[in-house]
Amino acid sequence: MYNRTLKKALPIPALICLALIVLGPYVCSMYLVNLLIKAFFFTVAAIAVDILWGYTGYLTFGQSAFFGIGAYCAGLVFTHLGFTDGNIALALALALVLPAALSFFVGWLSFYRGASEFFPCVISLVVPIVVMQLVLSGGEFTGSSSGLTGFDTFEFDMDGWFWLSGGFMLAVAMAAHFFLQSDGGKVLVAIRDNEQRCAYLGLNPERIKILLMTVLGAVTGLAGFGYASFSGVVAPELTGFQFGTELIMWVALSGRATLWGPVLGTLLINVATGYLSSSIPFVWQLILGLSFILVIILLPKGLIPLIFRQLGKASPMAPELQAAQISAPYSGAHALDMQKVAKSYGSLSVLSDITLTGDQGELIGIIGPNGAGKTTLMRCMSDGTARTSGLVSLCGHDIGKAAPQKCVGFGLGRKFQNANIFQTLTVAQCLRMARFIVEKPSFLQESSVLKLPQYVLDVLKVTGLDGKLSAVASDLSHGEQQALELTMVLALEPKVVLLDEPTAGLTLPERRGIGKIFSDLAHKYSLCCLLVEHDLDFVKEVATRIVVLHHGTIVMQGTPEEVVNSELVQTIYAGARQE
Amino acid sequence: MALLLDFFTTAALLFIVSSGLMMIYGVMKIVNFAHGAIISVGGYAAFMVARLGIPGWYGWALAFAVGFAIGALVERLIVLPLYNRPLDAILATWGLGIVLIQIITMIFGRSTQLVESPMDGTFAIFGTAYSSYRLIMIPVALVLCAAVIGLLNGTRFGIKTKAVIMNEALAESIGINASRIRFIAFSLGAGLGTLAGYLITPLSSVDPYMGVAWLINAFMLVMVAGSSFVGLFVTCLVFGTLQVLVSIYVNPVIGGMAIAVLAAITLRIRPQGFSHV
């Protein structure tokens, strides 16, 4: 009965929650029911923190602010305007819109290109402090430090509240469960693992995070609204930074990035706190603090996954591979066009006067000794902010100051020198991320089919990755990771492909196979490929034209024979003969 | 005149409180969120010193020693395993802060205690009477700043520390024991924290959470200052002045969050902060 498919849709912790919610009022004491109702609302906030921090990697101390605002929406409206049907709707709307709007603003402030790792974390600290200070300075209106009490609210009995709050919590958890398991939901982990790669797959990590924050802000606000309506009390502490850190503690103790861990953990910790904080108040806080430190240091995955081992593990499913319809090749003039591009750091000039064009069907090898500016040249083609002057256009689009994701949208694909992949996703999931902009993945479920262009299937076959679709990327060998990144770049169906030493770390037979595929990419599929390589023999074999870069300028261009046999290249590579 | 003194004394207090955090962040790029609790420990050291009747000024050394010892222990047990996980280090040190505060609460209770100032009364400067103890914080901060900068620029330890800050791998490869440098830096930072708690105590009351209130401001200042103490000095002066101005002319509540908000805006506009001042 309880087979794999069902287990995936409805894991054991979800069944435990369901049983608790249905049976709770019949088996629990009044005190416990009361504790659990509050804990259900807190759990929703904890889920939000887990999604933001555990899955997306954004450490936030500020989710409490949105919970508190939701609570104050209920408290303020019911206190000052009265408890009427119209006002319920008003309070509910405010409790959704205000936290969402503030979340959006905070997200906009926190996430921008080039923000330091700590900056969003810093902002998330400031938010609850500001909100709490505003509440404290609100005088009679907000009740200042004593908060608001005694306002009229919904007249459900305890059982009703229990089922309502529990049902709300379970609904949020199940929605999160399906979203996080879906192909599209994996984008959060992709952002956590590697934002740069996301951008070079045409995704906009900043925008996704802001959107996520906005949605979770509204959900958290709704939980706060429920909490205030149930308890009939709102206090400034609900908005504060202290509560914000408690949410993080609950998530960390029970297991970040496992969803059901924090759900069960938050319920357990809150119940335990309810019973123990009156008998051993300081010791209990001490125990929590100590176990928090120990878990962070020794068990970063948290405690609940020790019981439910499947939680937080990568999907073992290997989808079936199918060939996808490939979009038409670019048909305009010059797929790549660089005019007088230069790059300098202050007075140090790295690239100067680079004028280079590339057409569809060409495979251009770029060679040059270390420090010649090859990687910088690639960066100037793929990131609008990288060059100091000059023009770059991709498939007829002037890239201006466009971000990498925009350039990818124009038809660019870039493979980095070091394998630049998503460490904790499986091979199949990495590839699906790469298909995101071509074919929107489902946000509800995990598809059993993965459609990829024929040349990607070829590379998978040559490198043996097609048999490792469910392997986690970080478990692959160095060469396999390189190959994975290559397939991800090609899965974008780019028109212009930049390949920075794509065969480094591959074995000789693999290199031969890849070389054949590169030729096919250019000749059969009419892509414009640019290949940076140290291995002259390899380049000579596959390239249709070779560009020699030296001291930041193009010193020679020509057919492979011309270039390889030229005196210039031999001088650069082997050193000048001492006269 | 009083306003000017407000600027300088506020800046001095901010510098005293944040220098310990800076010591740790500057060297290891790890944010010690236990700093608030460590400041509280310093406050209670002052309380104990006053209770036992030890003359106030001798307590400095004691406060510093207590903090140094705590820092040494914490570095080995908690921070060392987390060097490669800076965000987790924030969390673990925050957990440590909770533990320290609970221990303090268990020993001394929750209530607020008062410590008598070793220097009472006011001092007339250019015809303006001003609290002597607040005033003395200005030279204290200047001496502290000079001492720390002297330590980092004028001693062998300082040069090694700078090497570790700039390039840890390279520093280790030429024979500098980076792990020992970090150990000393962390202990020093904690010592500076308790010292700060000790120093600010006569200006406020002592309670277990006294340091936490300072933590956020100190954290924001250090973030803006980057990794130079000169930068921190300038940052404290600028934001201390702004805080006083906002408190007086706008509203003291908004003044309380002025540093956090303004620092956040500064970082948004200029991500590198004041580190190249």
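Remember, predicted model here, so these are calculated numbers, not experimental data. Scope of the values below: all heavy atoms of this structure, side chains included, with no hydrogens, waters or symmetry mates. Letters go in sequence order (proteins before strands), and every chain restarts at 1.
Contact annotation for residues 30-48 of chain B against chain A (heavy-atom separation below 4.5 Å, listed by residue number): B:Val31, B:Phe33. Of residues 17-24 of chain B, no residue lies under 4.5 Å from chain A by any heavy-atom pair.
Going from atom CD1 of B:Ile216 over to atom CD1 of A:Ile129 covers 4.0 Å, rounded to the nearest 0.5 Å.
In this pair, B:Phe229 and B:Phe15 present their aromatic rings perpendicular. The plane angle is above 60°, beyond the 30 to 60° band.
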Just list the side-chain donor-acceptor pairs under 3.5 Å for residues 181-192 of chain B, sequence neighbours left out, or say none.
residue	atom	partner	partner atom	Å
B:Arg182	NE	B:Tyr83	OH	3.3
B:Arg182	NH1	B:Glu168	OE1	3.2
B:Arg182	NH1	B:Glu168	OE2	2.4
B:Ser187	OG	B:Ala72	N	3.4
B:Ser187	OG	B:Phe183	O	2.8

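Considering only heavy-atom pairs separated by less than 4.5 Å from chain B, the leading option among A:Thr245, A:Leu136, A:Ile287 is A:Thr245. Chosen from B:Arg85, B:Met220, B:Met106, the residue pairing most often with chain A at heavy-atom distances under 4.5 Å is B:Arg85. Ranked by heavy-atom pairs shorter than 4.5 Å toward chain A, the options B:Ala263, B:Ala89, B:Gly97, B:Ala260 are led by B:Ala260.
Between the side chain of A:Ser137 and the main chain of A:Leu134, a donor-acceptor pair closer than 3.5 Å is present.
A salt bridge is absent between A:Asp383 and A:Lys401; no separation between the charged side-chain nitrogens and carboxylate oxygens falls under 4.0 Å.
Using a 4.5 Å cut-off between heavy atoms, A:Ile248 contacts chain B through its side chain alone, with no backbone atom that close.
The side-chain heavy atoms of A:Phe111 and A:Tyr58, taken from C-beta on, include a pair separated by under 4.5 Å. Between A:Glu246 and A:Leu288, the closest side-chain pair of non-hydrogen atoms is not below 4.5 Å. At least one side-chain heavy atom of A:Leu247 sits less than 4.5 Å from a side-chain heavy atom of A:Trp250. Considering only heavy atoms from C-beta on, A:Val127 comes within 4.5 Å of A:Leu102 through its side chain.
Remark: B:Val99 pairs with A:Leu286, A:Leu290, A:Ile293, B:Ile103 by the side chain to side chain contact (heavy atoms under 4.5 Å, CB included) rule, at least two apart or across chains.
Here the two rings, on A:Phe61 and A:Trp53, have centers that are 6.0 Å apart or farther.
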